[in-house]
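Here is the structure we will look at.
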Amino acid sequence: MPIQNAEIAAVLNEIADLLDIQEANPFRIRAYRNAARTVGEAGRSVPAMVARQADLDALPGIGPDLAGKITEIVNTGSCALLERLRKELPPGITELLKVPGLGPKRVRALYHDLGVQTLAQLHLAAQEGRVQAIAGFGPKTQQALLEATAARLRQERRFPLGVADETAAALLAGLAAVPGVARAVAAGSLRRRRETVGDLDLLVSLSGDSAVMAHFIQGEDGRQVLLHGGTRASVVLKSGLQVDLRAVPAQSLGAAWVYFTGSKAHNIALRRLAQEQGLKVNEYGVFRGAERIAGATEASLYQALGLRYIEPELREDRGEIEAARQDRLPVLVSLADLRGDLHLHTRDSDGRDSLEAMAAAARARGWRYAAVTDHSRSPAFARGLDPVRLAKQIDRIDRFNEKAQGFTVLKGIEVDILQDGTLELPDSILQRLDLVVGAVHHHLDLPRARQTERVLRAMDSRYFTLLAHPTGRLIGERAPCEIDLLRVLRKARERGCFVELNAQPARLDLADTACQMAKAEGVLVSINSDAHGTLEFNHLPSGIDQGRRGWLEKADVLNTRDLPELRPLLARTMG
DNA sequence: GCCGTTTTCGGCCCGACTGTTTTCAGTCG
């Protein structure tokens with residue numbers, strides 16, 4: 001099995017961690033971390049680039065040395081530097097860096113003074129009171145490490161965006177009501193609409209003196225206070241979700257909102273840009289010397305740096321700053337741009353509502369069309385359709401459409417792509433449909449080459465329209481299948497078919513960087529609810545968020561088209 | 001270790017909070 005980008009990134013990150021503990025040049029360490037991030041988010045296969053001897057130096061932050069190291073990692077799975085570092089430090093010591101409160105210096109001290117190499121050893125040392133004996137450590141630090149190691153041994157959690165949204169809304173309402181609070185807003189990964197959220201970042205702007213910090217740490221829900229000062233506090237809610245609150249004067253809200261929205265990489269890039277212009281950016285504003293020249297609003301901060309306003313979903317340092325400078329930022333797709341949905345289920349397979357109810361719910365959203373795409377037989381859980389039942393459904397839809405005014409139910413199927421790449425239903429029935437949504441539900445663990453061939457072969461069917469949930473991942477539960485997405489996209493382009501961005505919160509499949517790749521390859525993305533009941537159309541905002549993170553504009557999304565424009569696109573794939 | 005429309009050498013983001021220190025280092029975001 002060829003090595004993946006993520007594995008290369010892991011090697012580079014481990015090198016950075018070990019160098020950090022050895023107190024190497026911090027800028028050298030940063031270079032390894034930047035390279036890890038670049039590779040991890042490259043959006044194309046770095047091993048493939050190595051194979052065809054493409055110029056790795058062209059990737060940002062990768063020079064001749066790192067290009068050599070990456071080539072070595074691709075060819076051997078590791079590199080000499082890492083092997084040497086692993087001999088100089090105990091295996092697994094990098095685990096300690098993930099403990100909150102521990103950085104390289106303290107990890108080094110723990111190892112040198114106590115011989116601590118693992119989480120379990122650290123936990124024991126804290127229990128036995130040996131940690132506070134080290135210079136720079138005290139009883140409080142020891143107690144914190146005792147609790148942190150215990151929590152870490154129970155494993156970390158990330159929260160679905162929907163849960164974070166609800167919690168944030170409730171907390172913000174409470175904060176906004178505190179006297180002296182001008183505005184209370186969400187920042188952080190929640191605002192950037194990441195798939196999951198590790199903690200909540202909230203921000204309040206103050207119009208005068210306020211007891212907002214005291215209010216915040218005194219919630220009646222048993223929240224645990226991690227730290228609190230005059231402008232910043234952190235608590236852990238009973239749910240385990242950590243919430244960080246910052247307070248700033250109203251005149252600094254824009255600068256603070258940019259700063260606390262992040263991402264960290266975006267902030268670093270902004271500050272570097274400011275530096276080049278002789279300016280300084282912090283959470284209080286943009287400064288030329290001692291003079292504050294912007295910061296009341298986000299737009300004013302970007303403007304002071306010569307940039308267009310950048311939407312939060314784009315703030316990942318993936319080219320948005322350069323695009324803002326050149327005034328070629330995408331106009332991101334919005335929920336209102338959708339004209340219909342091309343993937344939903346009814347009671348005829350595993351849906352909960354009737355075809356008529358689903359159509360009515362779709363129509364109530366202001367759409368002019370929706371495609372019914374029940375399962376074919378193979379997913380045993382789904383009571384899927386065989387050719388006879390599908391034929392009956394098709395006839396029912398035809399009768400429904402004759403009566404429906406101003407709304408069209410498109411006839412579709414979510415047909416299983418079998419292990420050998422054939423579609424589960426015969427052409428004789430597929431040819432009667434408006435669209436054929438192909439999906440992989442079984443054997444998600446095939447080797448990369450076979451999984452890729454399977455999907456490419458399915459796309460060879462003249463009736464194939466749209467690839468549903470292309471990687472099959474379930475966030476936090478099931479890793480994406482191994483598949484060469486670039487080849488799949490190029491095939492889709494060649495065949496005139498499409499890929500789905502499935503809006504189910506557990507799927508959000510495609511990922512953001514994959515959306516960017518689809519856009520770059522000129523393949524339209526269909527943002528679909530995959531609704532199994534009328535209420536599940538409410539998942540679409542999650543899909544839109546994900547598409548926006550993937551730089552998608554209205555024109556990049558298949559189902560922003562009205563029916564007269566959509567039909568020929570669907571028909572072309574059927575030919 | 002990378003990078004350059006001031007630079008191929010000398011830079012590399014910035015501030016708050018904590019715990020431990022008696023003036024600040026380490027960590028975090």
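All chains are named by letter (A, B, ...) in the order of the sequence lines, taking the proteins before the strands, and each is independently numbered beginning at 1.
- Considering only side-chain atoms of A:K140, the nucleotide from B:dG15, B:dC13, B:dT20 that sits closest is B:dT20.
- Listed nucleotides: B:dA16, B:dC2, B:dC13. Nearest to the side chain of A:P64: B:dC2.
- A donor and an acceptor atom sit less than 3.5 Å apart, one in the side chain of A:K264 and one in the base of B:dG29.
- Using a 4.0 Å heavy-atom distance criterion, A:L270 is classed as making no nucleic acid contact.
- The side chain of A:Y32 sits closest to B:dG1 out of B:dG1, B:dC12, B:dG15.
- With P as the reference atom, B:dT7 and B:dG11 are 14 Å apart, rounded to whole Å.
- Comparing A:T141 and A:R28, the nucleotide of DNA chain B nearest to each residue sits closer to the 5' end for A:R28.
- Counting atom types as modelled, A:Y259 pairs a side-chain N or O with a base atom of B:dG29 as donor and acceptor under 3.5 Å.
- Distance check on atom P: B:dG4 versus B:dT8 gives 13 Å, rounded to whole Å.
- The structure places CD of A:E298 at 13.5 Å from CD of A:Q303, a figure rounded to the nearest 0.5 Å.
- Between the P atom of B:dG29 and the CG atom of A:L203 lies a distance of 17 Å, rounded to the nearest Å.
- Atom-to-atom, CZ of A:R292 to P of B:dC14 comes out at 17 Å; the value is rounded to the nearest Å.
- Atoms CG (A:D57) and C1' (B:dG1) sit 12 Å apart, rounded to a whole Å.
- A salt bridge is absent between A:R272 and A:E276; no separation between the charged side-chain nitrogens and carboxylate oxygens falls under 4.0 Å.
- In this structure, A:G230 reaches the sugar-phosphate backbone alone: every heavy-atom distance under 4.0 Å involves primed, P, OP1 or OP2 atoms, never a base.
- Side-chain atoms of A:A31 lie closest to B:dG1 of the nucleotides B:dG15, B:dG1, B:dC13.
- The side chain of A:L227 sits closest to B:dT18 out of B:dC13, B:dG1, B:dT18.
- For the OP1/OP2 pair of B:dC13 and a distance below 4.0 Å, the side-chain nitrogens and oxygens of A:R272 include at least one atom meeting the criterion.
- B:dT6 and B:dC2 have their P atoms separated by 23 Å, with the value rounded to a whole Å.
- For the P atoms, the distance from B:dT27 to B:dT21 is 16 Å, rounded to whole Å.
- Put simply, CG on A:L510 and CZ on A:R549 are 14.0 Å apart, with the number rounded to the nearest 0.5 Å.
- From A:E95, atom CD reaches atom CG of A:L119 across 6.0 Å, with rounding to the nearest 0.5 Å.
- Heavy atoms of A:V248 sit nowhere under 4.0 angstrom from any nucleic acid atom.
- Protein atom CG of A:L110 is 14 Å distant from nucleotide atom C1' of B:dT27, rounded to whole Å.
- Among the nucleotides B:dG1, B:dA16, B:dC14, the one closest to the side chain of A:Y284 is B:dA16.
- Taking only side-chain nitrogens and oxygens, A:Q275 comes nearer than 4.0 Å to OP1 or OP2 of B:dC14.
- Rounded to whole Å, the P atom of B:dC13 lies 23 Å from the corresponding atom of B:dC17.
- Checking B:dG29, B:dC13, B:dG1 against the side-chain heavy atoms of A:D244 singles out B:dG29 as nearest.
- Phosphate contact (OP1/OP2 of B:dC13, side-chain N/O of A:N267, threshold under 4.0 Å): absent.
- Of the P atoms belonging to B:dG15 and B:dT20, the separation is 26 Å, rounded to the nearest Å.
- The side chain of A:R30 lies closest to B:dC12 when the candidates are B:dG1, B:dT27, B:dC12.
- Comment: A:R193 engages A:D165 in a salt bridge, judged by a side-chain N to carboxylate O separation of less than 4.0 angstrom.
- Counting only distance, with no hydrogens or angles, the side chain of A:D509 and the backbone of A:G472 share a donor-acceptor pair below 3.5 Å.
- B:dT5 atom P lies 13 Å from atom CG of A:L273, rounded to whole Å.
- A cation-pi contact, defined as under 6.0 Å to the ring centre and within 45° of the axis, links A:R191 to A:W257.
- With B:dC28, B:dG1, B:dT18 as the choices, the nucleotide that has an atom nearest any side-chain atom of A:P100 turns out to be B:dC28.
- Of the C1' atoms belonging to B:dT23 and B:dG29, the separation is 25 Å, rounded to the nearest Å.
- Closest to the side chain of A:K105, out of B:dT20, B:dC13, B:dT27, is B:dT27.
- Between A:D55 atom CG and B:dC2 atom C1' there is a gap of 15 Å when expressed in whole angstrom units.
- By the rule that a glycosidic angle within 90° of 0 means syn, B:dT5 does not qualify and counts as anti.
- At the heavy-atom level, A:I29 lies nowhere under 4.0 Å from the strands shown.
- Neither OP1 nor OP2 of B:dC17 sits under 4.0 Å from any side-chain N or O of A:S234.
- Not a single donor-acceptor contact under 3.5 angstrom links the side-chain atoms of A:N34 to the base of B:dG1.
- Rounded to a whole angstrom, the distance from the P atom of B:dT5 to that of B:dG1 is 23 Å.
- When heavy atoms are screened at a 4.0 angstrom cut-off, A:L66 is found touching the sugar-phosphate backbone but no base atom.
- B:dG1 atom P lies 11 Å from atom CG of A:L85, rounded to whole Å.
- Base pairing of B:dC17: its partner is B:dG26, meeting the Watson-Crick or G-U wobble criterion (both donor-acceptor distances under 3.5 Å).
- Both A:D65 and A:L97 sit near DNA chain B, but only A:D65 has its closest nucleotide nearer the 5' end.
- With rounding to the nearest 0.5 Å, the separation of CG in A:L175 from CZ in A:R183 is 13.5 Å.
- For the pair A:R106 and A:F137, the cation-pi test (distance below 6.0 Å, angle within 45°) is passed.
- The residue A:P26 sits apart from the nucleic acid: no heavy atom pair falls under 4.0 Å.
- The separation between A:F287 atom CZ and B:dC13 atom C1' is 15 Å, rounded to whole Å.
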